[in-house]
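Please read the structure below before turning to the comments.
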Amino acid sequence: MQYGEYVNNQASSAPTPLSSTSDDEEEEEEDEEAGVDSSSTTSSASPVPNSYDALEGGSYPDVLSSSASSPAPDPAPEPDPAPAPAPAVPQPSKMAKPFGYGYPTLQPGYQNAAAPLNPGVQPSSPVYSGFQPYTQQYPGMNQLSSSLGGLSLQSSAQPESLRPVNLTQERNILPMTPVWAPVPNLNLDLKKLNCSPDSFRCTLTNIPQTQALLNKAKLPLGLLLHPFRDLTQLPVITSNTIVRCRSCRTYINPFVSFIDQRRWKCNLCYRVNDVPEEFMYNPLTRSYGEPHKRPEVQNSTVEFIASSDYMLRPPQPAVYLFVLDVSHNAVEAGYLTILCQSLLENLDKLPGDSRTRIGFVTFDSTIHFYNLQEGLSQPQMLIVSDIDDVFLPTPDSLLVNVYESKELIKDLLNALPNMFTNTRETHSALGPALQAAFKLMSPTGGRVSVFQTQLPSLGAGLLQSREDPNQRSSTKVVQHLGPATDFYKKLALDCSGQQTAVDLFLLSSQYSDLSSLACMSKYSAGCVYYYPSFHYTHNPSQAEKLQKDLKRYLTRKIGFEAVMRIRCTKGLSMHTFHGNFFVRSTDLLSLANINPDAGFAVQLSIEESLTDTSLVCFQTALLYTSSKGERRIRVHTLCLPVVSSLADVYAGVDVQAAICLLANMAVDRSVSSSLSDARDALVNAVVDSLSAYGSTVSNLQQSALIAPSSLKLFPLYVLALLKQKAFRTGTSTRLDDRVYAMCQIKCQPLVHLMKMIHPNLYRIDRLTDEGAIHVSDRVVPQPPLQKLSAEKLTRDGAFLMDCGSVFYIWVGKSCDNNFIEDVLGYPNFASIPQKMTYLPELDTLSSERARSFITWLRDNRPLSPILHVVKDESPAKTEFFQHLIEDRTEAAFSYYEFLLHIQQQICK
């Protein structure tokens with residue numbers, strides 16, 4: 001390894017924006033990208049403004065967007081937000097406040113009244129007459145739904161979801177099988193076509209006709225999205241023409257209606273559009289003249305290969321930069337060995353093509369760059385010691401082609417773990433290292449992976465400890481949930497503007513101010529990984545977790561230079577987004593990277609009455625560059641019925657979606673106001689909704705706490721949230737642990753978030769093949785779910801708790817020795833070690849069943865769960881018992897007490 005000392009004697013130049021075109025050229029480029037047709041009536045009126053807000057016209061030209069103060073811009077395709085860097089600190093304007101500036105207020109009962117439309121603007125609903133629908137030939141949404149028109153569920157027998165449940169009397173409220181998403185009440189044809197709830201679901205599967213009806217129901221209205229999840233089947237469409245509505249830019253989808261062979265009506269704004277000639281031919285059936293049979297109209301999730309209209313520069317290569325803490329603390333923790341080994345094993349599996357580039361920066365009190373230029377005999381280390389004015393020593397040879405410099409990269413990865421073994425450096429100049437990373441990545445964009453083990457102590461972005469360990473169990477104020485400095489947020493916004501996302505791996509043994517550090521990922525569309533008390537020998541389960549997480553992280557699919565827009569039927573509007581991203585304009589989310597494990601949520605309100613329609617639709621479009629350099633657009637479309645009665649609104653509640661949306665709102669409330677405010681708002685959500693429901697059902701006895709079956713788990717889930725690390729009080733909780741739980745809530749897809757909120761408990765010492773399922777040559781037992789209470793734990797049993805990122809196997813004192821021997825590999829209870837973190841592969845039927853079940857649970861998770869075997873009466877069991885949320889603790893209600901508390905509040 002060659003070393004060179006670099007001292008900064010030059011002013012570092014600011015990175016140039018990605019596009020060097022003049023404003024005029026840029027406007028032309030955007031005109032081209034917008035696919036502006038000079039003969040088009042919608043776009044000839046005004047020039048396309050030169051800003052992100054104006055690109056991609058997301059609104060209805062005839063109605064001003066409720067949150068914008070200027071008329072809707074001309075329509076254009078989803079933009080590639082490549083050409084201009086984001087301002088370091090966006091100026092708040094009347095347009096959109098960037099995510100995270102004004103945290104939304106969550107009023108008890110969240111009555112978000114509709115924002116008034118701009119005065120003087122009459123909402124006009126287009127009236128189309130004189131078209132002769134070919135109903136038999138082209139079944140469109142309007143025909144399919146005519147039988148539904150505001151169909152009231154009460155006209156038929158009462159649905160199961162409205163069955164009144166007496167919560168205080170029904171002991172076993174939790175079903176024995178997993179809770180599935182409710183299926184919207186649509187006719188069979190639409191049901192078949194609808195988007196999978198795994199990608200897209202709404203808190204209410206029956207949309208209230210008016211905001212007044214929604215306010216009456218006291219339920220949250222919003223969407224939960226998992227837009228880039230791994231799919232086994234995805235129709236990919238290569239076509240010269242991507243068919244979109246000329247008015248609102250919605251992509252053609254299964255819920256549009258064909259008026260005749262040559263015209264289709266948009267299901268979001270109701271404009272009638274022409275069917276392009278190319279769309280008349282169906283490549284699947286090789287037939288002509290059946291546009292309604294094209295794959296875009298037969299599938300609610302599709303992916304388009306985008307043309308150059310959807311690019312502002314050629315697709316960039318995949319670029320990966322690793323920024324590594326090598327201070328004494330980091331070397332002592334030993335993460336470098338695991339990371340370098342993992343990179344060596346997965347170097348060829350990094351998503352990308354022949355252009356993929358990689359680079360490494362290490363830092364302590366100085367910053368070390370590595371020249372890996374092809375042709376060198378060994379990696380060259382270049383040290384920059386002036387951290388107040390960071391510059392790049394050799395800008396062209398620090399990010400290198402993975403294939404051309406493979407041997408040098410391998411040499412560096414083999415050398416790194418031992419290079420700093422004897423270091424005395426205790427300082428951490430994280431801020432300056434990130435500034436260097438920003439300069440290095442700015443020309444192309446890409447992904448920065450930061451590994452940090454302590455509080456940054458030198459240079460820009462340095463932090464002081466803010467945690468008072470004596471306050472960890474406080475029932476009063478929890479402080480410092482927000483960042484101590486805006487350095488990391490500003491840096492993230494700069495990165496986002498240059499198409500760079502920053503992922504943070506925090507491997508710390510002491511407080512590291514995650515609430516400040518997480519901003520680097522939050523606003524750049526990155527992700528946060530957290531390994532408390534990490535040590536590669538003292539804490540082997542964390543080391544194993546890091547290794548497994550890295551394997552997934554390094555090899556999973558990735559999208560670059562992405563933007564996402566959500567559209568909805570006229571009359572509905574979006575007002576608050578949740579997740580890791582930057583809001584470019586009112587409804588355009590900028591995602592420098594998108595990964596298959598990222599979830600998002602958005603709150604909705606009803607701006608105009610939906611009386612004229614029996615169905616509403618939501619469409620999310622994600623435009624991204626694949627790791628192979630293709631520009632693609634993934635589109636999901638969801639269709640839901642509109643209802644006019646309160647009972648129907650309750651009948652369609654998706655309780656898991658509602659609780660996940662509320663959790664997101666409560667995180668914002670904790671940071672903007674206080675934790676106790678957020679907790680009160682969660683309790684009020686239950687009180688208000690059950691109270692509102694009670695007032696609709698005339699024959700209820702006053703003394704009972706009654707919920708419709710659709711909401712019967714709502715109080716249980718809210719209690720679970722109140723006992724979750726993010727929101728609990730009175731139980732010792734490290735500040736970084738609490739903040740990490742909040743980060744997870746904001747960016748986990750629903751399926752993973754629910755396990756964090758309400759873990760699943762199974763009895764596993766009596767697994768059988770009864771009801772088992774077959775998954776790729778494996779028989780997977782399906783034991784029933786148990787409620788989360790110690791009364792379910794029997795001393796002679798063994799129980800598995802699945803908390804999402806942790807599995808616990810609790811073994812009772814009198815557990816059958818056959819199970820202990822056949823599954824755990826020890827002769828009896830006494831011989832099970834205190835710290836056991838794996839199941840041995842034993843050649844017994846019980847072992848096979850237990851491992852098969854756990855492997856099945858583990859599959860398809862973004863984070864590899866750690867396994868802890870917990871013996872009854874061992875000290876480790878407190879952590880396990882904290883998850884038994886139906887039981888009372890010193891600081892919190894039992895489930896039954898919580899119900900009585902709710903009842904008391906309702907009767908006030």
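- A ring-centre distance under 6.0 Å is found for H368 and F420.
- T555 and N346 share no side-chain donor-acceptor pair at under 3.5 Å.
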**Message:** I'd like to know whether E841 forms a side chain to side chain donor-acceptor pair (under 3.5 Å) with S847, so could you lay out the CA-CA distance, the side-chain angles of the two residues, the decisive distance to 0.1 Å, and finally the verdict.
**Reply:** CA-CA 7 Å; E841 280 196 35; S847 170; over 6 Å; no
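- More than 12 heavy atoms of other shown residues, nucleotides or ligands fall within 6.0 angstrom of atom CZ in F487.
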**Message:** Go through it in stages, so that I can follow the logic: the residues are F600 and H226, the test is ring-ring contact (aromatic ring centres under 6.0 Å, His included), and I'd like the CA-CA distance, side-chain angles, deciding distance and then a yes or no.
**Reply:** CA-CA 7 Å; F600 303 89; H226 189 179; 9.1 Å; no
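- To the nearest 0.5 angstrom, S449 atom OG is 4.5 Å from F322 atom CZ.
- Taking the ring axis of F881 as reference, the NZ or CZ atom of K877 stays within 45° of it and closer than 6.0 Å to the ring centre.
- The existence of a salt bridge linking K548 and E544 is confirmed by a sub-4.0 Å separation between a basic side-chain nitrogen and an acidic carboxylate oxygen.
- The pair R861-D802 meets the salt-bridge criterion, with a side-chain N (NZ, NE, NH1 or NH2) lying under 4.0 Å from an Asp/Glu carboxylate O.
- Classification of D597 and R552 as a salt-bridged pair holds, one side-chain N sitting under 4.0 Å from a carboxylate O.
- Shortest non-hydrogen contact noted between A850 and L839 is CB-CD1, 4.5 Å.
- One distance of note links OG of S874 with NE2 of H868; it measures 11.0 Å at 0.5 Å rounding.
- Of all non-hydrogen atoms in V384 and P393, the two that sit nearest each other are CG2-CD, 4.0 Å.
- No side-chain heavy atom of V326 sits less than 4.5 Å from a side-chain heavy atom of F363.
- Two residues are said to be in side-chain contact when any heavy atoms from C-beta on lie closer than 4.5 Å; Y511 and P469 fail this criterion.
- A perpendicular orientation is assigned to the rings of F534 and Y531, their planes being inclined by more than 60° (bins at 30° and 60°).
- Side chain to side chain, D513 and S515 meet the donor-acceptor criterion of an N or O pair below 3.5 Å.
- Ring geometry for Y808 versus F880: interplanar angle over 60°, hence perpendicular rather than tilted (30 to 60°).
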**Item:** Chi angles and distances behind the side-chain contact (heavy atoms from CB on, under 4.5 Å) call for L440, V361
**Value:** CA-CA 10 Å; L440 201 47; V361 171; 4.2 Å; yes
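- The aromatic ring centres of Y523 and F581 sit 6.0 Å or more apart.
- When only modelled atom types and interatomic distance are considered, S405 and Q373 share no side-chain donor-acceptor pair under 3.5 Å.
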**Item:** Audit row: F360, I409, side-chain contact (heavy atoms from CB on, under 4.5 Å) steps and yes/no
**Value:** CA-CA 9 Å; F360 297 88; I409 295 165; 4.1 Å; yes
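- Rounding to the nearest 0.5 Å gives a distance of 12.0 Å between CE of M801 and CD1 of I809.
- For the side-chain contact (heavy atoms from CB on, under 4.5 Å) criterion with S627, the lone passing option out of I558, D353, L350 is I558.
- Within the 4.5 Å cutoff, side-chain heavy atoms of K557 are placed close to those of F228.
- Checked against the 6.0 Å centroid criterion, the rings of Y335 and F451 qualify as a close aromatic pair.
- Around atom CG of D859, more than 12 heavy atoms belonging to other residues, nucleotides or ligands sit under 6.0 Å away.
- Expressed to the nearest 0.5 Å, how far CD of Q748 lies from CD1 of I757 amounts to 10.0 Å.
- Between the CG atom in L376 and the CD atom in E407 there is a gap of 13.5 Å [rounded to 0.5 Å].
- The pair D230-R556 does not meet the salt-bridge criterion, since no charged nitrogen lies less than 4.0 angstrom from a carboxylate oxygen.
- Judged by the 6.0 Å distance and 45° axis criteria, R447 is positioned over the aromatic ring of Y553.
- In this structure, K725 forms no cation-pi arrangement with Y740, as its terminal cationic atom is not both closer than 6.0 Å to the ring centre and no more than 45° off the ring axis.
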**Message:** Assess the residue pair L416 and Y370 against the criterion (side-chain contact (heavy atoms from CB on, under 4.5 Å)); give the C-alpha distance rounded to whole Å, side-chain angles, the decisive distance to 0.1 Å, and a yes or no.
**Reply:** CA-CA 11 Å; L416 263 178; Y370 297 87; 4.0 Å; yes
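- The pair R472-E467 counts as a salt bridge, with a side-chain nitrogen and a carboxylate oxygen less than 4.0 angstrom apart.
- Relative to the ring axis of F391, K439 does not place its NZ or CZ within 45° and under 6.0 Å from the centre.
- For D486 (side chain) and K489 (main-chain N/O), no donor-acceptor pair under 3.5 Å exists by modelled atom type.
- When all heavy atoms are compared, the tightest approach of S365 to I387 is O-CG2, 3.5 Å.
- At least one side-chain heavy atom of M742 sits less than 4.5 Å from a side-chain heavy atom of L481.
- With a 6.0 Å radius and a threshold of 12 heavy atoms from other residues, nucleotides or ligands, K406 has its NZ atom above the threshold.
- Note that CE of M441 is 9.5 Å distant from OH of Y320, once rounded to the nearest 0.5 Å.
- With hydrogens and angles left out, the side-chain atoms of Q744 and H752 include no donor and acceptor closer than 3.5 Å.
- Crowding of H328 atom NE2: a count of heavy atoms from other residues, nucleotides or ligands under 6.0 Å not exceeding 12.
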